[in-house]
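Numbered from 1 within each chain, the chains take letters A, B, ... in sequence-line order.
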Protein chains: 2
Amino acid sequence: MTETATLAARYTISMNQLPVLTAAPMGLRERRRRDTLREVSNAAIELFERNGVTETTVDDIAETAGISQRTFFRYYSTKEQAVCACDVGLGTVMERAVAAIRAGAPVVAALEDAWMRLFDELDASPEEHRRTLRVRRLVQSEPTLLARTLANEAERIEELTAAAVDAAGPGIDVLTARALFTVISTTTRLAFDEWARRVEKGADASVRDIYLDLRRGLGTYAKHLTDDLR
Amino acid sequence: MTETATLAARYTISMNQLPVLTAAPMGLRERRRRDTLREVSNAAIELFERNGVTETTVDDIAETAGISQRTFFRYYSTKEQAVCACDVGLGTVMERAVAAIRAGAPVVAALEDAWMRLFDELDASPEEHRRTLRVRRLVQSEPTLLARTLANEAERIEELTAAAVDAAGPGIDVLTARALFTVISTTTRLAFDEWARRVEKGADASVRDIYLDLRRGLGTYAKHLTDDLR
DNA sequence: TGCCAAAGTGGCAGTCTCTGTCATATAATT
DNA sequence: AATTATATGACAGAGACTGCCACTTTGGCA
């Protein structure tokens with residue numbers, strides 16, 4: 001791999017890596033980078049909503065955001081990523097969950113707490129709230145965005161699993177840990193979807209409540225899971 | 001949409017639709033089609049294993065399979081699909097699960113039974129067994145294949161959910177049903193992954209047993225899920 | 001303050017994926 | 001055997017993405 005490639009990789013959003021909590025000095029460079037990330041993402045959302053993903057070209061997005069196509073690809077690896085990468089504050093959730101796990105918290109609680117905090121923060125910020133809703137709607141209606149979202153989710157789960165192994169030592173039941181992370185992530189995604197659906201219908205809904213409902217529903221069924229099958 | 005597009009769609013594997021159980025007369029045409037599907041898939045597996053997905057072009061696969069690039073795309077919509085589409089006998093599982101659900105079986109049991117039957121059939125057919133192993137290994141090591149697999153999985157879950165709603169009427173708890181299907185599908189996938197890992201290490205493992213272990217493990221944790229969070 | 005190295009940007013060429021179209025060939029139907 | 005429905009390959013063309021290079025901007029640092 002060439003040096004150029006390495007540098008590019010460092011600066012391309014391959015999954016989700018907005019350093020939300022890093023309170024570094026952040027010079028002009030970093031500030032502009034974030035602004036551009038945001039602008040490009042907004043342009044993508046806008047165009048996807050208006051014309052659909054397939055009808056929207058990278059050139060369209062780049063032009064709307066006022067950058068060249070070449071530069072677009074330095075910010076997002078695909079047009080789908082422009083919408084999916086920072087999709088809700090995933091970066092924050094991951095950081096908190098990993099931190100909690102490394103601090104010795106039970107894995108399920110660590111991840112669930114991190115999500116709960118995000119839910120609350122979303123409720124507190126009307127702007128993020130609205131943006132998240134638009135993104136979820138898009139992801140629901142556009143298969144290519146869903147595909148990208150699921151891939152990102154899988155990547156996050158692997159990170160979490162790695163963190164858990166790292167924190168708890170190799171004695172941990174990796175398989176079950178991975179399964180639990182997956183179930184929680186999935187449930188969260190379904191909760192967001194349902195939330196988007198309800199808001200769409202005019203009802204006002206809370207992601208948190210939907211998640212808890214879903215959780216309870218799963219629990220009811222799961223009580224039988226320790227029984228043998230057949 | 002033009003007529004050509006419609007026809008093409010009918011004949012392109014967009015997810016997984018090998019009509020495994022259709023005992024129709026099956027003329028020469030259909031037989032050849034299946035042979036080609038298989039050959040192309042084999043070529044893809046072979047080349048992906050040898051050179052990796054990104055290093056393998058559609059032209060490479062097409063040439064190896066002895067068809068033109070244009071024809072390749074009439075069989076599979078992307079090079080990833082050539083490996084992921086018929087990935088284990090998903091078609092069979094889906095058909096059986098949907099049939100059972102329409103016949104009034106409980107949704108969880110319907111899907112789990114269908115998977116169990118596939119596990120057993122895999123154990124009974126060394127060839128399919130081996131092929132499945134190669135595919136799972138590839139999917140594990142190649143992110144683009146994983147992405148495709150997850151997207152296919154999501155598509156299947158929607159089909160199942162639709163079948164459940166259709167069979168049980170709109171009174172059903174769609175949200176929970178979708179969640180249960182997702183959890184089962186996910187668990188199955190993780191079981192296959194673990195199975196591939198173990199076989200890799202020389203241990204001989206059974207997907208069925210791993211699935212049941214995982215199921216029990218989840219059940220143990222899930223007993224607490226009906227308790228309120230915090 | 002002024003200079004230098006590091007980093008960001010745009011343009012261009014080139015590869016690869018994927019689709020529409022059409023002429024040709026092969027199976028299915030009657 | 002004649003007709004029709006499908007499959008195939010070749011070609012053209014759009015769009016996604018990458019490497020490369022010239023040029024500009026930013027962030028220290030003397």
For residues 45-60 of chain B, which residues have at least one heavy atom under 4.0 Å from DNA chain C? B:Thr56, B:Thr57, B:Val58
Between B:Phe73 (CZ) and D:dG9 (P), how many Å, whole number? 14 Å
Applying salt bridge (charged side-chain N to carboxylate O under 4.0 Å, His left out), which residue pairs with at least one partner in residues 49-68 of chain B are found, sequence neighbours left out? B:Glu49-B:Arg134
Sugar-phosphate atoms are those with a prime plus P, OP1 and OP2; base atoms are the rest. Using that split, label each nucleotide of nucleotides 24-30 of chain C B, S or - for protein heavy atoms under 4.0 Å, 5' to 3'. --BBS--
B:Phe73 and B:Val58, any side-chain heavy atoms less than 4.5 Å apart: yes
Which label fits B:Phe72 and B:Tyr76: parallel for a plane angle under 30°, tilted from 30 to 60°, or perpendicular past 60°? tilted
If you compare every side-chain N and O of B:Thr71 against the phosphate oxygens of D:dT8 (OP1, OP2), does one of them come in below 4.0 Å? no
Scan side-chain atoms only and decide if A:Ser41 and A:Arg131 contain a donor-acceptor pair under the 3.5 Å cut-off. yes
Heavy atoms from C-beta onward define the side chain here; which of D:dC17, D:dA10, C:dG11 lies closest to that of A:Gln69? D:dC17
Considering only side-chain heavy atoms of B:Arg74, which listed nucleotide, C:dT9, C:dT21, C:dG11, is closest? C:dT21
Can you tell me whether the side chain of A:Arg70 and the base of C:dG8 have a donor-acceptor pair closer than 3.5 Å? no
Parallel, tilted or perpendicular: which fits the ring planes of B:Phe119 and B:Tyr211, with parallel below 30° and perpendicular above 60°? tilted
Report the distance from atom CG of B:Asp35 to atom C1' of D:dA7, rounded to the nearest whole Å. 15 Å
Should the heavy atoms of other residues, nucleotides or ligands under 6.0 Å from CZ of B:Arg102 be counted, would the total exceed 12? yes
A:Phe72 CZ to D:dT18 P: how many Å, rounded? 11 Å
Contact between A:Arg74 and A:Ile67 at the side-chain level, heavy atoms closer than 4.5 Å - yes or no? no
Do any side-chain nitrogens or oxygens of A:Tyr75 fall under 4.0 Å of OP1 or OP2 in C:dT9? yes
Whole angstrom is fine here: how far is it from CD1 in A:Ile61 over to P in D:dC17? 10 Å
Do the side chains of B:Asn42 and B:Glu46 get nearer than 4.5 Å, heavy atoms only? no
Rounded distance (Å) that lies between atom C1' of D:dC17 and atom NZ of B:Lys79: 12 Å
For A:Asp193, run the side-chain hydrogen bond (donor to acceptor under 3.5 Å, both in side chains) check against A:Arg137, A:Arg136, A:Arg198 and tell me which one passes. A:Arg136
